[in-house]
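The sequence lines fix the lettering, A, B, ..., with proteins before strands; numbering per chain opens at 1.
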Amino acid sequence: MKLKDTTYKAYSGIAKYCRTGDSKHIKDLELRQDRMPHYRRLVFNITKNTLKQAYPITFKLFNNAQWEEVVDDYFKNHNAQEYRIWLMPKEFYEYVVEKKYAKKYNMPFLNDLLLFEWIEIEVHTMEDEIFPKIKKEGDIWNDILILMPEYRLLQLEYPVHIKQTKEITAADKGNYFLFSYRTLENKSVKFMDLSILFAFCIEQIEEGNTLKDIVKQFFTLTNSEFNNEIKEKTESFIKGLIQKEVVLGFK
Amino acid sequence: MKNSKKILLAGTVLAGFTATSTNALFASTDLGEASDVRTNLLSDFNSPALNNDGILASLEAKCGESKCGEKKTDAKAKNKAAEHKCGEGKCGEGKCGEKKTDAKAKDKAAEHKCGEGKCGEKKTESKKDSKDKAAESKCGEGTCGSK
């Protein structure tokens, strides 16, 4: 429903005032001007607390001045679009990436860290997905495997999910694959650190390829040789996923 | 850095991939619950050599509790994590493990204006408001008992 112009103007004015503290945005509005600073303080506190809770590792990594600077900058200058408070930290992550704070603070892993912290919220709170119909029995190598739909697969440059930030160095830069899923059992979020082969398997299973084709494709792309050890370990990985209910069954 | 179900590995990473060690190909570590991972990463005495169990064991050794304490520590760590972030802390909805739907979040968001989401705030504000109103009003217009 479209808002009335006057309502929209009032909302925008209050929002701008809350973000900047500049009373020119509200001076023409019929409201108690003396109460507005308190309203602004409350809104700002909620923003700060939400971000602090969403990014506890980043919060710990930054010194006070850095945290204040980033949050103030975001609050003041980012034109927030999301009306759902739980999604607000995602816009914060995008803002920090856009404003290149990783470079400014000489923290090359910062963007990865924020994404890693955000993904926990996203997976936990994301909308329930529709689970496909599956067969419980099938051939791991030749039948199409069906993944549970409530997951995210991330490719990271720094091992922010397995190392404390103070231990991460430039030498750690590489390719890391983080699998994050919501368990069927109690809807908690779990993480797995995957090798490139297994991340590739997940991605290709999602595409509807059989494990046999996936592995074949992997070794063609990498010019490596397929052997029994690889077969056994890949099979064992998939069986593990079946046990964890990440692979639900067969098409 | 990509965030999706499809991260185009084949086109990007695999092109430059050389298998220096076959073991690296099979590395897959179950990191466990997100809250435990976070607790470990935030912990000062953590090191990569310690996994979740290792940390819990070291806590165990520190507090001197034996077998029965183990479970306690585990529960403690979990509770602590839950306090920090585990869904509830982050979005302010429901208990950890409770099923949350976007629709639910939508409803909540719809109910509250920006910044009014916190329980109690609106109440306080309106309380304050009514106090002020009572103070402003002429005698007899306030609520019963108000000055």
Checking Val37(B) against Phe116(A) for the side chain to side chain contact (heavy atoms under 4.5 Å, CB included) test, could you report, in this order, the C-alpha distance in whole Å, the side-chain angles of both residues, the deciding distance, and whether it holds? CA-CA 11 Å; Val37(B) 174; Phe116(A) 162 63; 3.9 Å; yes

Please classify the contact of Lys52(A) with chain B as side chain, backbone, both or neither, using a heavy-atom distance under 4.5 Å. neither

Mutual orientation of the aromatic rings belonging to Phe92(A) and Tyr55(A) [parallel < 30°, tilted 30-60°, perpendicular > 60°]: tilted

Relative to chain B, which segment of Val160(A) carries a heavy atom at a distance below 4.5 Å: side chain, backbone, both, or neither? backbone

Suppose we screen for ring-ring contact (aromatic ring centres under 6.0 Å, His included). Which residues come up paired with Phe198(A), at least two apart in sequence or across chains? Phe237(A)

Non-hydrogen side-chain atoms of Lys173(A) and Tyr158(A) separated by less than 4.5 Å: yes

Considering only heavy atoms, which portion of Leu178(A) lies under 4.5 Å from any heavy atom of chain B: side chain, backbone, both, or neither? side chain

